[in-house]
> 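Quick one: the structure is below, questions incoming.
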Amino acid sequence: MKKLTLLLFALLFSLGAGAQVKIGYFSYDKAILSMPDYQKAQTALKSLRAQYEAETQRVEDEFNKKYEEFLDGQRDFAPTILQKRQSELQELMTKNISFKREAERLLQQAESDAMEPLKKKLAAAVKEIGEEYGFSFILNTDGEQLQYVDPSMGEDINELIQDYLQ
């Protein structure tokens with residue numbers, strides 16, 4: 001945040017007193033959420049997440065069933081069979097843990113891939129609006145990064161961006 005403030009101060013100072021600086025600001029998150037393709041991406045991600053959750057539940061149920069069978073029969077198993085079953089359970093548990101980690105990684109990648117075109121479209125909209133309306137800067141108000149903009153120097157462009165993205 002300090003770097004952004006220093007950069008803005010340096011740029012404003014270097015522009016001189018006679019140059020007009022026009023600042024736009026908007027909520028990046030609000031803009032992304034308003035995009036029609038956002039809901040499509042979320043629906044696809046929800047479906048994919050449900051598939052991974054169903055598979056995770058299936059393998060957990062399989063493990064639990066085998067574990068219960070192991071507990072029920074462990075007194076009657078010969079030592080070598082007992083050891084074999086323990087190894088099978090351990091291997092199954094390791095595979096299940098690996099699957100969960102991989103599923104989470106794949107879900108994160110799918111979310112990143114789904115959001116990338118939206119981010120590019122928003123970046124293009126911000127650039128086009130900046131050029132068309134003559135903004136020197138367009139700032140993101142999310143994350144409490146922009147506490148104040150003088151209304152005589154800054155303009156809320158949330159509606160412009162949402163209109164552009166529709």
Side-chain angles (χ1 to χ4, degrees), residues 1-8 24-130 137-149 154 156-166:
M1 181 62 186
K2 288 182 181 182
K3 288 181 182 182
L4 176 63
T5 304
L6 291 174
L7 175 66
L8 284 173
Y25 55 92
F26 76 105
S27 167
Y28 190 91
D29 292 340
K30 189 175 180 181
I32 286 282
L33 291 172
S34 74
M35 296 174 78
D37 291 342
Y38 177 80
Q39 286 305 320
K40 292 176 188 172
Q42 291 304 309
T43 300
L45 289 170
K46 185 177 178 180
S47 174
L48 183 61
R49 187 172 286 110
Q51 290 174 20
Y52 278 114
E53 287 173 0
E55 181 62 15
T56 299
Q57 186 62 50
R58 187 194 69 75
V59 296
E60 283 179 9
D61 291 345
E62 179 184 342
F63 175 81
N64 289 338
K65 181 181 174 190
K66 287 188 178 193
Y67 185 66
E68 287 175 16
E69 289 172 358
F70 170 77
L71 291 177
D72 289 343
Q74 70 180 343
R75 285 183 235 142
D76 299 329
F77 294 148
T80 54
I81 294 174
L82 183 67
Q83 186 177 11
K84 178 184 174 282
R85 296 272 179 104
Q86 286 174 330
S87 295
E88 287 174 353
L89 287 170
Q90 183 62 43
E91 183 180 335
L92 191 56
M93 187 183 327
T94 302
K95 286 180 180 180
N96 291 351
I97 291 169
S98 294
F99 174 77
K100 285 181 185 179
R101 287 184 185 147
E102 182 66 5
E104 186 59 37
R105 185 191 71 74
L106 291 171
L107 283 168
Q108 287 174 351
Q109 183 64 48
E111 183 173 7
S112 177
D113 292 347
M115 295 303 291
E116 189 62 29
L118 300 175
K119 290 177 180 181
K120 285 181 179 180
K121 185 175 182 179
L122 179 54
V126 169
K127 182 180 179 197
E128 189 168 316
I129 289 169
F137 304 99
I138 296 181
L139 306 171
N140 179 0
T141 60
D142 293 338
E144 299 177 6
Q145 296 297 312
L146 184 62
Q147 297 294 319
Y148 174 75
V149 175
D156 183 342
I157 62 167
N158 277 298
E159 286 187 34
L160 276 174
I161 288 181
Q162 287 182 9
D163 289 345
Y164 185 89
L165 295 171
Q166 300 305 317

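Since this is a predicted model, take the numbers as computed values, not measurements. In what follows, residues are counted from 1 in the order of the sequence shown. The figures that follow rest on heavy atoms only: side chains count, while hydrogens, waters and symmetry mates do not.
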> May I have the step-by-step check of side-chain contact (heavy atoms from CB on, under 4.5 Å) for Lys65 and Asp61, ending in yes or no?
CA-CA 6 Å; Lys65 181 181 174 190; Asp61 291 345; over 6 Å; no
> CE of Met35 to CD1 of Ile161: how many Å apart, nearest 0.5 Å?
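Here the rounded value is 10.5 Å.
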> Using a strict threshold of under 4.0 Å (side-chain N to carboxylate O), is an ion pair present between Arg58 and Glu55?
yes
> Looking at side-chain heavy atoms only, is the closest gap between Glu88 and Lys66 below 4.5 Å?
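When only atoms from C-beta onward are counted, Lys66 and Glu88 do not touch, as no gap falls below 4.5 Å.
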> About how many Å separate OH of Tyr38 and CG of Leu33, when rounded to the nearest 0.5 Å?
5.0 Å
> Out of Glu159, Glu128, Lys121, which residue meets the side chain to side chain donor-acceptor pair (under 3.5 Å) rule with Tyr164?
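Only one option passes, and that is Glu128.
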> Going by the salt bridge (charged side-chain N to carboxylate O under 4.0 Å, His left out) test, which pairs reach into residues 99-108, not counting sequence neighbours?
Glu60-Lys100, Glu102-Arg105
> Side chains of Leu45 and Leu107: closer than 4.5 Å at any heavy-atom pair?
no
> To the nearest 0.5 Å, tell me how far Asp29 CG sits from Asp142 CG.
4.0 Å
> Using a 4.5 Å cut-off on heavy atoms from C-beta on, say whether the side chain of Tyr25 contacts that of Asp156.
yes
> Between Ser47 and Ala44, is there a donor-acceptor pair closer than 3.5 Å when you use the side chain of the first and the backbone of the second?
no
> Any chance you could measure Tyr67, atom OH, to Met93, atom CE, to the nearest 0.5 Å?
8.0 Å
> Hey, could you give me the CD1/CD1 distance between Ile138 and Ile157, rounded to the nearest 0.5 Å?
4.0 Å
> Is the shortest side-chain heavy-atom distance between Gln57 and Glu53 below 4.5 Å?
no
> Strictly distance-based, threshold 3.5 Å: is any side-chain N or O of Thr43 a donor or acceptor partner for the main-chain N or O of Gln39?
yes
> Check the angle between the aromatic planes of Phe26 and Tyr28 and answer parallel, tilted or perpendicular using the 30° and 60° thresholds.
tilted
> Below 4.5 Å, heavy atoms only, C-beta onward: do Lys30 and Gln162 meet side chain to side chain?
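In contact.
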> With a 4.5 Å limit on heavy-atom distance, are the side chains of Leu118 and Leu122 in contact?
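No. Closest side-chain heavy atoms not under 4.5 Å.
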> Between CG of Asp113 and CE of Met115, what distance do you get to the nearest 0.5 Å?
11.5 Å
> Check Ala31 against Leu165 and note the closest heavy-atom contact, atom names and distance.
O-CD1, 3.8 Å
> Would you check if Asn96 and Glu62 make a side-chain contact, meaning some heavy-atom pair closer than 4.5 Å?
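Side chain of Asn96 against side chain of Glu62, heavy atoms only: no contact under 4.5 Å found.
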> If you compare all heavy atoms of Arg85 against all heavy atoms of Phe70, which two are closest, and at what distance to 0.1 Å?
CB-CD1, 3.6 Å
